[in-house]
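This chain uses plain numbering: 1 for the first residue, then up along the sequence. Ligands are counted one by one from 1 in listed order, and the atoms in each one are counted from 1 as well. Just so it is clear, the structure is predicted and the values come from calculations on it, not from any experiment.
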Amino acid sequence: MLVIQPLQLSLCFRRISRSPRLLRFNSQGRWLDRQSNDYYTREAKVQGLRSRAAFKLMELDDKFHLFQGGKRRHQKVLDLGFAPGAWSQVAQRRVGPGGMLLGVDILPCEPPKGVHSIQSNILSRKTHELIRLYFSSYFQLYKSDNLHEHHGYFQHRLEEQLDRVRSSEAYDKVFNGGLCSGKVDKFPIDTIISDMMANTSGISIRDHYQSIDLADAALVTAIDLLRPGGNFVCKLYTGKEDRLFEKRLRKVFQRVNRFKPAASRDESKELYFVGLGKKDSIDKLDVFLV
Ligand SMILES: C[S@@+](CC[C@H](N)C(=O)[O-])C[C@H]1O[C@@H](n2cnc3c(N)ncnc32)[C@H](O)[C@@H]1O
């Protein structure tokens, strides 16, 4: 009779678990399988896009005309959570060569050619100041600030400017729409797109609340910086606070829609909220009162 000793048994299992075929059964293997068989992943490669997420924004724009068919000239677009940069690529193609695009991400990432970016946390006040400064007419960009090459240099320059402006009269001009700038500088952005998401923990309720915080941060940015009439899209990891978030959106935008693009996986809890036509004179306190 063949008797297998415990040591032999464990070696046996170790050999089996290292087999590539069996590796496919663990989560990493499943992810690899799914990626290589996925239509959008393959198509993103063909079209030179940085990730399959690009197709979600294309669908959103096809349906809701976020960038107004590129008809409005010199559009200013803010892409929150832009890394690795697929949405920025799509936005840039859709607004055309005269557009101005800023990507913000907490992670370092080289932006696509022609897109500017800052590495910063959207939950920090300084990030909001840097965004406002970037889009204000006070801050002049130079051709040499082509950020795919001078990314760090640009951020440094923007931060230096912020320090300078903070201690001068110009602060009022840039940040409070004071002196001569009026509404143009007060609400300089045409469209805000946010695909922000923190690393998911697998605990639904926790991921949902984290996502709500980021969606609210995007909404505050829209209240402070988006021009009246401007458009907004943001991702939400759905859960029990969806309705409350939607209610807040309705106080800021004339039309609000929920949309699940075909490129978003069925099993994913992500959903996109679209706000069209920002209203005039919004009271931030009123928006966040339950
Ligand atoms: C799903 S990815 C975005 C993909 C991107 N739209 C694209 O097309 O390439 C979500 C991004 O949100 C960023 N993010 C998460 N929390 C953030 C925060 N507090 N501030 C800025 N970015 C954040 C992450 O670092 C991550 O890069």
Checklist entry - Do D224 and K284 sit within salt-bridge range, that is, some charged N less than 4.0 Å from a carboxylate O? => result yes
Checklist outcome for this item: Quick note on ligand 1: atoms under 4.0 Å from a heavy atom of F82 include exactly 5 (C), 7 (C), 9 (O)
Checklist entry - Going by an N to O cut-off under 4.0 Å, is there a salt bridge joining E160 and R157? => result no
Checklist entry - In a check of side-chain hydrogen bond (donor to acceptor under 3.5 Å, both in side chains) between D190 and each of H74, Q68, Q75, R227, which one passes? => result R227
Checklist entry - Within a radius of less than 6.0 Å around CG of D286, do more than 12 heavy atoms belonging to other residues, nucleotides or ligands occur? => result yes
Next on the checklist: If you count heavy atoms of other groups shown closer than 6.0 angstrom to CZ of R258, is the number above 12?
Outcome noted: yes
Item to check | From the candidates Q119, M197, M196, Q89, the one that places a heavy atom nearest atom 15 (C) of ligand 1 | outcome: M197
Checklist entry - Taking atom 27 (O) of ligand 1 as the point of reference, which of D195, D105, I118 owns the nearest heavy atom? => result D105
Checklist entry - Within the structure, does V104 bring an N/O atom to less than 3.5 angstrom of an N/O atom in ligand 1? => result no
Item to check | Carboxylate-amine/guanidinium contact K63 E59, below 4.0 Å | outcome: no
Checklist outcome for this item: Note: ligand 1 atoms sitting under 4.0 Å from heavy atoms of A53 are 8 (O)
Item to check | Under 4.0 Å to a heavy atom of G85 - the qualifying atoms of ligand 1, by number | outcome: 7 (C), 9 (O)
Next on the checklist: Please classify the S120 to ligand 1 contact at 4.0 Å (heavy-atom distances, strictly less than): side chain, backbone, both or neither.
Outcome noted: backbone
Item to check | Nearest neighbour in protein (non-hydrogen) for atom 3 (C) of ligand 1 | outcome: G81 O, 3.1 Å
Checklist outcome for this item: Note: ligand 1 atoms sitting under 4.0 Å from heavy atoms of W87 are 6 (N), 7 (C), 8 (O)
Item to check | Heavy-atom nearest neighbour in the protein, as seen from atom 19 (N) of ligand 1, with distance rounded to 0.1 Å | outcome: N121 OD1, 2.8 Å
Next on the checklist: Is there a polar contact, in the sense of an N or O pair closer than 3.5 Å, between I122 and ligand 1?
Outcome noted: yes
Next on the checklist: Which heavy atom of Q119 sits nearest to which heavy atom of Q155, and what is that distance?
Outcome noted: N-OE1, 2.8 Å
Item to check | Side chain, backbone, both or neither: L214 near ligand 1, heavy atoms under 4.0 Å | outcome: side chain
Item to check | Pair R94 + D62, salt bridge at N-O below 4.0 Å | outcome: yes
Checklist entry - Which bit of K235 is near ligand 1, meaning a heavy atom under 4.0 Å away: side chain, backbone, both or neither? => result side chain
Next on the checklist: Is there a polar contact between ligand 1 and D79, counting only N or O atoms under 3.5 Å apart?
Outcome noted: no
Checklist entry - Can you check whether P84 has an N/O within less than 3.5 Å of an N/O in ligand 1? => result yes
Checklist entry - More than 12 heavy atoms of other residues, nucleotides or ligands under 6.0 Å from CZ of R166: is that the case? => result yes
Checklist entry - Nearest protein heavy atom to atom 21 (C) of ligand 1, by residue and atom, and its distance? => result I106 N, 3.4 Å
Item to check | Close side-chain approach of K269 to H208, heavy-atom, < 4.5 Å | outcome: no
Item to check | Parallel, tilted or perpendicular: rings of F55 and Y39 (30°, 60°) | outcome: tilted
Checklist entry - At what distance is the nearest protein heavy atom to atom 4 (C) of ligand 1, and which residue and atom is it? => result A83 O, 3.2 Å
Checklist entry - Can you list the ligand 1 atoms lying under 4.0 Å from a non-hydrogen atom of L107? => result 25 (O)
